[in-house]
2 protein chains.
Amino acid sequence: MHKSPHPHRGRRSRGRRRAEDGTWRVKPPLTPLIEPALLLALRDGTAHGYDLADQIADYLGLKRIDHGNLYRGLRRLEEEGIVTSQWNDGDLGRSKRTYALTDTGESLLETWAEALQFTQERLSALLDSYERKS
Amino acid sequence: MHKSPHPHRGRRSRGRRRAEDGTWRVKPPLTPLIEPALLLALRDGTAHGYDLADQIADYLGLKRIDHGNLYRGLRRLEEEGIVTSQWNDGDLGRSKRTYALTDTGESLLETWAEALQFTQERLSALLDSYERKS
DNA sequence: TGACATATATGTGTTTCACATATATGTTAC
DNA sequence: GTAACATATATGTGAAACACATATATGTCA
């Protein structure tokens with residue numbers, strides 16, 4: 001972590017790009033679901049960051065989720081009192097940080113669920129509207 | 001557009017905030033649907049930016065969508081060949097720019113629809129999983 | 001010992017987003 | 001007639017989100 005040239009990495013643009021043959025490639029918008037998925041995963045029990053990455057990727061149908069952002073996100077959730085963590089040094093393997101959901105976190109998950117139901121309704125309406133006259 | 005102090009505007013954070021009474025307020029993630037909604041609106045005929053703002057807000061159940069970002073977005077879509085536009089000076093009222101979907105734009109809309117179906121499946125799965133053990 | 005998986009972490013440029021303001025014109029009420 | 005408001009397009013801008021890269025340490029397995 002000192003120099004990092006990063007010369008010219010291809011531009012990213014609103015989740016879409018055109019392939020060589022002119023057809024479009026778009027990414028299904030899933031990143032806003034990562035935090036809710038994470039809270040949901042923790043509702044079923046404690047977990048480490050690395051486990052959570054796998055579980056969330058599985059929930060969301062992603063090959064992998066970005067570890068850097070996940071760990072940063074977890075620390076932020078902890079700052080906000082949504083999760084708590086503690087180190088497990090005694091175990092075999094590299095020491096891990098075990099995360100658990102707080103009461104505040106559970107209430108946030110409930111609120112997320114309501115909000116996502118709204119999103120789901122609107123998304124369905126949008127897709128219905130698309131199908132209705134294609 | 002010269003000085004703009006903007007001293008300290010309340011922090012925004014992952015679409016959530018805590019209300020005074022400790023309960024959570026979260027915003028349903030809808031902004032990724034704005035571009036698809038816009039293309040869909042244009043599939044049914046030409047429209048001005050201002051009209052589109054209303055139609056999209058209606059589709060998505062938003063009070064209003066941000067005009068600044070909408071107009072910038074439209075110009076970008078035009079640069080990318082997804083929409084075309086022309087001024088209507090002759091009409092009454094302030095002159096308007098009328099947008100229309102190109103063939104490329106229509107093909108992008110198709111691709112968006114497929115991607116959003118995937119998002120919908122995952123979102124449903126997530127919400128089902130939430131309901132299954134609450 | 002070398003390759004790979006587990007596990008956590010920071011670096012960092014680009015894009016997205018929300019909020020604010022500028023500008024011009026048409027409409028309605030007082 | 002003018003103030004208030006709606007229509008219509010546009011730019012400014014800082015913060016947050018995102019994607020991609022790298023650093024570091026340890027365990028496993030061939």
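Here the structure is a predicted model, which means the values were calculated and not measured. Naming convention: chains lettered A, B, ... in sequence-line order (proteins, then strands); numbering from 1 in each chain.
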Query raised in the report: Of all of residues 45-56 of chain B, which get a heavy atom below 4.0 angstrom from DNA chain D, listed by number?
Result: B:His48, B:Gly49, B:Tyr50, B:Asp51
Requested in this report: Mind jotting down which residue pairs meet the salt bridge (Lys or Arg N to Asp or Glu O under 4.0 Å) criterion with at least one end in residues 44-60 of chain A? Sequence neighbours excluded, please.
Outcome: A:Asp44-B:Lys133
Report task. May I have all residue pairs that pass ring-ring contact (aromatic ring centres under 6.0 Å, His included) and include part of residues 27-84 of chain B, sequence neighbours excluded? Result -> B:Tyr50-B:His67
Requested in this report: Starting at atom NZ of B:Lys27, determine the distance to atom C1' of D:dA16, rounded to an integer number of angstrom.
Outcome: 12 Å
Report summary line: Whole-Å distance, A:Arg64 CZ to C:dA5 C1', equals 11 Å
Requested in this report: Flag the pair A:Ser85 / A:Thr98 as yes when at least one side-chain heavy-atom distance between them is below 4.5 Å, and no otherwise.
Outcome: no
[X] side chain N/O closer than 4.0 Å to the phosphate oxygens (OP1, OP2) of [N]?
| X | N | value |
| --- | --- | --- |
| A:Arg76 | D:dA17 | yes |
| B:Tyr71 | D:dA10 | no |
| A:Arg75 | C:dT10 | yes |

Query raised in the report: For A:Asn69 and A:Arg97, take the nucleotide of DNA chain C holding the closest heavy atom to each; which residue's nucleotide lies nearer the 5' end?
Result: A:Arg97
Report summary line: Taken in chain and number order and not counting sequence neighbours, the residues that satisfy side chain to side chain donor-acceptor pair (under 3.5 Å) with B:Asp103 are none
Requested in this report: Please state whether the base of C:dC19 and the side chain of B:Asp66 form at least one donor-acceptor pair under 3.5 Å?
Outcome: yes
Query raised in the report: Going by the side-chain hydrogen bond (donor to acceptor under 3.5 Å, both in side chains) test, which pairs reach into residues 26-37 of chain A, not counting sequence neighbours?
Result: A:Glu35-A:Trp112, A:Glu35-B:Arg16
Query - Listed partners of A:Ser107 passing side-chain contact (heavy atoms from CB on, under 4.5 Å), at least two apart - result: B:Trp24
Report task. Return the nearest nucleotide to the side chain of B:Lys96; candidates are D:dC20, C:dA18, D:dA8. Result -> D:dA8
